[in-house]
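Please read these numbers as outputs of a predicted model, since none were measured by experiment. Counting begins at 1 with the first residue of the sequence.
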Amino acid sequence: SCVIVQAVIIDALSSVSTLTSDPNLDFFFTTASGATAASGFECQLVDVQGHANLTGTHTWKTCTSPTRYPKLSDATYVFQVRATGEDVADSRTMTIDTRPPVTQIVASLQLTPAPVSTSTDNITFTFSAVDASAVTYSCSVTVANGANATYFRSLPAPGLALGVTGPCSSPLALQGLYYGDWTLA
């Protein structure tokens with residue numbers, strides 16, 4: 001008879017998020033039956049882009065549960081574990097992204113040098129970011145030194161109220177602004 005000992009990663013304890021800002025990856029594993037793998041386990045961590053410093057990790061190495069890979073560079077990795085001597089492995093893919101996104105904001109008015117005075121009551125902001133993951137935005141619009149307005153004449157986005165931080169998206173059109181010093185943050 002033939003018996004295959006299959007290694008399985010314990011997701012509840014391991015670093016299995018598809019995207020993380022933590023440069024340390026930890027993996028817990030066992031066999032599918034829960035029995036001890038008599039011959040032990042072998043692990044490998046592969047940088048799929050091929051640019052991280054992973055000396056010796058592209059090869060199968062003897063390992064125990066838990067296994068930790070500390071201080072990894074930003075990249076996408078595939079972790080694999082198998083019972084020693086078996087060809088069947090369990091694997092997980094995850095991306096480490098420790099750098100915050102850098103957002104670029106462009107306005108329909110020339111905003112430098114600050115402060116800028118204008119007679120228009122409309123302005124549109126477009127913003128974008130490059131990052132390893134999807135980027136969402138929160139905005140806050142405030143006014144000082146002007147009319148005691150508590151609202152826009154035309155709301156720029158559902159749920160965006162004056163002085164309150166809330167979700168927003170690009171382009172953000174602020175229309176019907178009252179006299180005052182407006183700030184978008």
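One distance of note links CG of Asp47 with OG of Ser73; it measures 8.0 Å at 0.5 Å rounding. Rounded to the nearest 0.5 Å, atoms CG (Asp74) and OG1 (Thr98) are 3.5 Å apart. Within the model, atoms CD of Gln44 and OG1 of Thr67 stand 12.5 Å from one another, a figure rounded to the nearest 0.5 Å. To the nearest 0.5 Å, atom CG of residue Asp11 and atom CZ of residue Phe27 are 10.0 Å apart.
For Asp97 (side chain) and Ser21 (main-chain N/O), no donor-acceptor pair under 3.5 Å exists by modelled atom type. Looking only at distances, no side-chain donor or acceptor of Thr31 sits under 3.5 Å from a matching main-chain atom of Ala7. Using modelled atom types, no side-chain atom of Asp26 and backbone atom of Arg68 make a donor-acceptor pair closer than 3.5 Å.
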Practice prompt. Given side-chain contact (heavy atoms from CB on, under 4.5 Å), test Asn24 with Lys71 step by step and report yes or no.
Written response: CA-CA 5 Å; Asn24 305 306; Lys71 300 179 183 175; 4.2 Å; yes
Worksheet item: Which is it for Leu72 and Leu25 under the side-chain contact (heavy atoms from CB on, under 4.5 Å) test, yes or no, and what are the steps along the way?
Response: CA-CA 8 Å; Leu72 295 169; Leu25 297 179; 3.5 Å; yes
Item to complete: Show the numbers, then the answer: is there a side-chain contact (heavy atoms from CB on, under 4.5 Å) between Ile4 and Glu86?
Response: CA-CA 7 Å; Ile4 296 175; Glu86 298 291 348; 3.6 Å; yes
Practice prompt. List the steps and the verdict of side-chain contact (heavy atoms from CB on, under 4.5 Å) for Tyr77 and Thr93.
Written response: CA-CA 6 Å; Tyr77 297 92; Thr93 301; over 6 Å; no
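Between Pro171 and Thr126 the shortest heavy-atom distance is CB-CG2, 3.7 Å. Nearest heavy-atom pair, Ser17 versus Met94, reported as atom, atom and distance to 0.1 Å: O-CB, 3.1 Å. In terms of heavy atoms, Val5 sits closest to Ala83 at O-CB, 3.4 Å. Nearest heavy-atom pair, Phe29 versus Ile9, reported as atom, atom and distance to 0.1 Å: CB-CA, 4.1 Å. Looking at every heavy atom in both residues, Ser170 comes nearest to Phe125 through OG-O, 4.2 Å. Looking at every heavy atom in both residues, Phe127 comes nearest to Ile105 through CB-CG1, 3.9 Å.
Salt bridge annotation for Arg82-Asp90: absent, with no cationic side-chain nitrogen under 4.0 angstrom from a carboxylate oxygen.
Judged purely by distance below 3.5 Å, without hydrogens or angles, the side chains of Ser39 and Thr84 never pair a donor atom with an acceptor atom.
Val81 and Phe28 are assigned to two separate hydrophobic clusters, defined by single-linkage of ILVMFWY side chains at heavy-atom distances under 4.5 Å. Clustering ILVMFWY residues whenever any of their side-chain heavy atoms sit less than 4.5 angstrom apart, transitively, puts Phe41 in a cluster other than the one holding Leu13.
When each of Cys43, Ser15, Ser14 is paired with Phe79, the side-chain contact (heavy atoms from CB on, under 4.5 Å) condition holds for Cys43 and for no other.
Side chains of Cys139 and Leu184 form a contact here, defined as non-hydrogen atoms less than 4.5 Å apart. Side-chain contact check for Val8 versus Thr30: some heavy-atom pair is nearer than 4.5 Å.
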